[in-house]
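What follows is a short report on a single structure.
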Amino acid sequence: MASHHRGRIPSYLATAAALLLAFLLPPLAASQWPNCGNKGNFTTNSPYQANIRALSTTLPKNASSSRTLFAADSVGTVPDIVYALALCRGDANASACGNCVSNGFNDAQKLCPYGKDAAVYYDLCYVGFSNQNILSATGGGNSVLILMSDNNVTAPVEAFDAAVGVLMNATADYAAANNSRRFGTGVGGFETVDKRNPKIYGVAQCRPDMAPGDCRSCLGSIIAMRSQYLIGRQGGRILGLRCNYRYEQYSFFTGPSMLQLPAPTVGVAPAPAPASVGPPPVGGGELGEITSSCLHDSVFRPEVISQLREGWRSFFPDRSSLFYLHEKV
Ligand SMILES: *[C@@H]1O[C@H](CO)[C@@H](O)[C@H](O)[C@H]1NC(C)=O
Ligand SMILES: *[C@@H]1O[C@H](CO)[C@@H](O)[C@H](O)[C@H]1NC(C)=O
Ligand SMILES: *[C@@H]1O[C@H](CO)[C@@H](O)[C@H](O)[C@H]1NC(C)=O
Ligand SMILES: *[C@@H]1O[C@H](CO)[C@@H](O)[C@H](O)[C@H]1NC(C)=O
Ligand SMILES: *[C@@H]1O[C@H](CO)[C@@H](O)[C@H](O)[C@H]1NC(C)=O
Ligand SMILES: *[C@@H]1O[C@H](CO)[C@@H](O)[C@H](O)[C@H]1NC(C)=O
């Protein structure tokens with residue numbers, strides 16, 4: 001692939017003062033992952049809150065009725081102006097999209113109480129609002145949320161991560177070139193390495209108003225973060241307001257995969273390597289509990305709030321303070 005994105009600054013990394021965060025998820029169908037900003041608070045019944053309310057009524061409709069499943073708008077004037085955007089995953093249907101975005105506005109205000117700047121990510125959409133202009137396709141919104149499966153792959157880690165890398169690069173190429181939605185899905189064969197987990201599935205997506213080069217560059221930056229955060233993980237996501245991706249060992253998107261990649265050619269496919277995987281976390285994590293795997297990297301801080309019930313941990317690598325986010329079940 002051309003290295004047209006190489007010179008660009010992955011600002012996530014450049015500014016990476018770090019923050020690590022994890023929180024309990026309600027054991028509900030719709031998992032949500034908030035990314036609360038640090039742009040101050042609004043007050044009850046303020047014009048700022050009214051402007052969020054206004055956007056919370058228009059954006060779900062606008063996003064779900066848009067061909068690209070995307071909507072961005074601002075309401076109000078400085079200092080109460082609110083910029084908001086919402087994007088549904090490229091394979092979402094209109095009703096699921098509208099519901100997801102609508103929940104996003106509600107959840108954002110619960111999960112980031114009175115925060116002027118907040119984003120909430122779901123499987124099928126995300127919503128972000130801010131008093132800073134996050135609407136421009138080229139600016140703003142560089143903070144990312146990293147979600148990783150708590151489970152390690154049973155296959156040889158190097159082979160797995162190489163296959164994920166090939167898949168995500170190809171899926172990112174596809175997404176950046178997709179002029180209708182800047183969205184791509186891919187499935188890569190892996191049966192030559194691990195017969196029990198014969199496929200790897202991925203999606204990549206950008207804001208649909210981004211130019212192909214910007215999209216690919218954005219995805220390149222977050223794909224590069226994989227080596228720091230997601231090695232050996234059965235699943236992972238890196239989620240930002242401009243671009244995001246996800247990979248899993250199971251199918252999680254709707255419709256046929258846009259891309260099919262062959263399995264890597266390796267010699268024998270022996271039984272999976274001895275699993276270094278312990279039992280998955282059961283029940284809710286304890287407040288403040290974290291495994292040492294998250295702490296060995298100095299980028300991370302040990303102030304974990306809680307651990308995810310679903311076996312996901314989340315990290316905000318470019319934040320310098322910690323936020324409490326969790327809605328208790
Ligand atoms: C905003 O509100 C949160 C929670 O209500 C509080 O912890 C935080 O200190 C407030 N931030 C500012 C800048 O006032
Ligand atoms: C959202 O929809 C409303 C009503 O249909 C329209 O007036 C407005 O311009 C739309 N906003 C955006 C950002 O699409
Ligand atoms: C782009 O994404 C859309 C929506 O997911 C999909 O239906 C379409 O096949 C893709 N288009 C191209 C040209 O790949
Ligand atoms: C829309 O998507 C949701 C969630 O994926 C699904 O449950 C629902 O059945 C879909 N509705 C239609 C009409 O396809
Ligand atoms: C994916 O693309 C990046 C950037 O072009 C490259 O450095 C990396 O080697 C690629 N990874 C794989 C597994 O092909
Ligand atoms: C996954 O691998 C990491 C890093 O090798 C290790 O610290 C962690 O304990 C493993 N997780 C599980 C659930 O085994």
Side-chain angles (χ1 to χ4, degrees), residues 1-8 10 13 34 36-44 46 48-49 51 54-76 82-88 94 97-98 101-102 108-118 127-129 131 133-137 157-176 186 188 190 200 202 204 207-209 213 215-228 230-231 245 247 259 261-262 264 305 320-327:
M1 181 193 30
S3 60
H4 59 268
H5 58 282
R6 191 170 287 165
R8 294 183 178 256
L13 303 175
C36 301
N38 56 0
K39 299 295 193 294
N41 292 339
F42 59 85
T43 54
T44 309
S46 60
Y48 198 90
Q49 187 176 43
N51 291 338
L55 287 158
S56 74
T57 62
T58 55
L59 252 58
K61 279 180 259 174
N62 289 35
S64 60
S65 61
S66 142
R67 186 181 53 82
T68 57
L69 300 179
F70 175 69
D73 207 354
S74 65
V75 169
V82 181
Y83 302 89
L85 52 82
L87 176 62
C88 296
C97 175
V101 171
S102 190
Q109 293 174 83
K110 288 184 203 152
L111 297 165
C112 308
Y114 301 107
K116 284 189 171 180
D117 182 286
V127 170
F129 57 77
N131 60 351
N133 189 349
I134 52 173
L135 300 189
S136 153
V157 167
E158 278 176 26
F160 180 76
D161 286 322
V164 172
V166 169
L167 176 67
M168 292 324 304
N169 277 359
T171 308
D173 289 343
Y174 192 97
F190 197 55
I200 305 168
R207 284 175 54 154
D209 57 347
C215 171
R216 189 62 184 82
S217 157
C218 185
L219 288 170
S221 299
I222 58 174
I223 290 172
M225 295 171 80
R226 228 172 37 86
S227 62
Q228 194 179 354
L230 298 176
I231 291 304
Y245 70 90
Y247 74 88
L259 262 184
L261 301 185
I305 291 175
S320 53
S321 59
L322 189 64
F323 301 87
Y324 180 77
L325 306 161
H326 166 60
E327 272 271 291

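Both counts, for ligands and for their atoms, begin at 1 and track the order of listing. The structure displayed is predicted, hence computed values, not measured ones.
- Counting atoms of ligand 5 from 1 in the listed order, those under 4.0 Å from a heavy atom of G165 are 13 (C).
- For NZ of K39, the number of neighbouring non-hydrogen atoms (other residues, nucleotides, ligands) closer than 6.0 Å is greater than 12.
- Here A72 has backbone heavy atoms under 4.0 Å from ligand 2, and that is the only part of it that gets that close.
- Of all heavy-atom pairs between L230 and Y245, the closest is CD1-OH, 3.8 Å.
- L167 and G188 make their closest contact through CD1-N, 3.8 Å (heavy atoms, listed as atom of the first residue, atom of the second, distance).
- Less than 4.0 angstrom separates atom 9 (O) of ligand 1 from none of the non-hydrogen atoms of the protein.
- When only non-hydrogen protein atoms are considered, atom 6 (C) of ligand 2 lies nearest to N62 ND2, 4.2 Å.
- Looking only at distances, no side-chain donor or acceptor of Y247 sits under 3.5 Å from a matching main-chain atom of V164.
- Annotation for ligand 2: atoms under 4.0 Å from non-hydrogen atoms of D73 are 11 (N), 13 (C).
- Close contacts between ligand 5 and N169 involve ligand atoms 1 (C), 2 (O), 3 (C), 8 (C), 10 (C), 11 (N), 12 (C), 14 (O) [criterion: under 4.0 Å to a heavy atom].
- Of all non-hydrogen atoms in S136 and N133, the two that sit nearest each other are N-OD1, 3.7 Å.
- Contact detail for A159 and F190: the closest heavy-atom pair is O-CE1, 3.7 Å.
- Between the R226 side chain and the D161 main chain, a donor and an acceptor come within less than 3.5 Å of each other.
- Among the atoms of T58, none of the N or O lies under 3.5 angstrom from an N or O of ligand 2.
- The distance criterion of under 3.5 Å between nitrogen or oxygen atoms is not met by R216 with respect to ligand 5.
- At a heavy-atom cutoff of 4.0 Å, ligand 5 is contacted by both the backbone and the side chain of V166.
- Taking a distance limit of 4.0 Å, we find that atom 14 (O) of ligand 1 is approached by some protein heavy atom.
- Distance alone, capped at 3.5 Å, is enough to place a donor-acceptor pair between the S64 side chain and the P60 backbone.
- Between N41 and ligand 1, at least one N/O pair is under 3.5 Å apart.
- Atom 5 (O) of ligand 1 has as its closest protein heavy atom P113 O, 4.3 Å.
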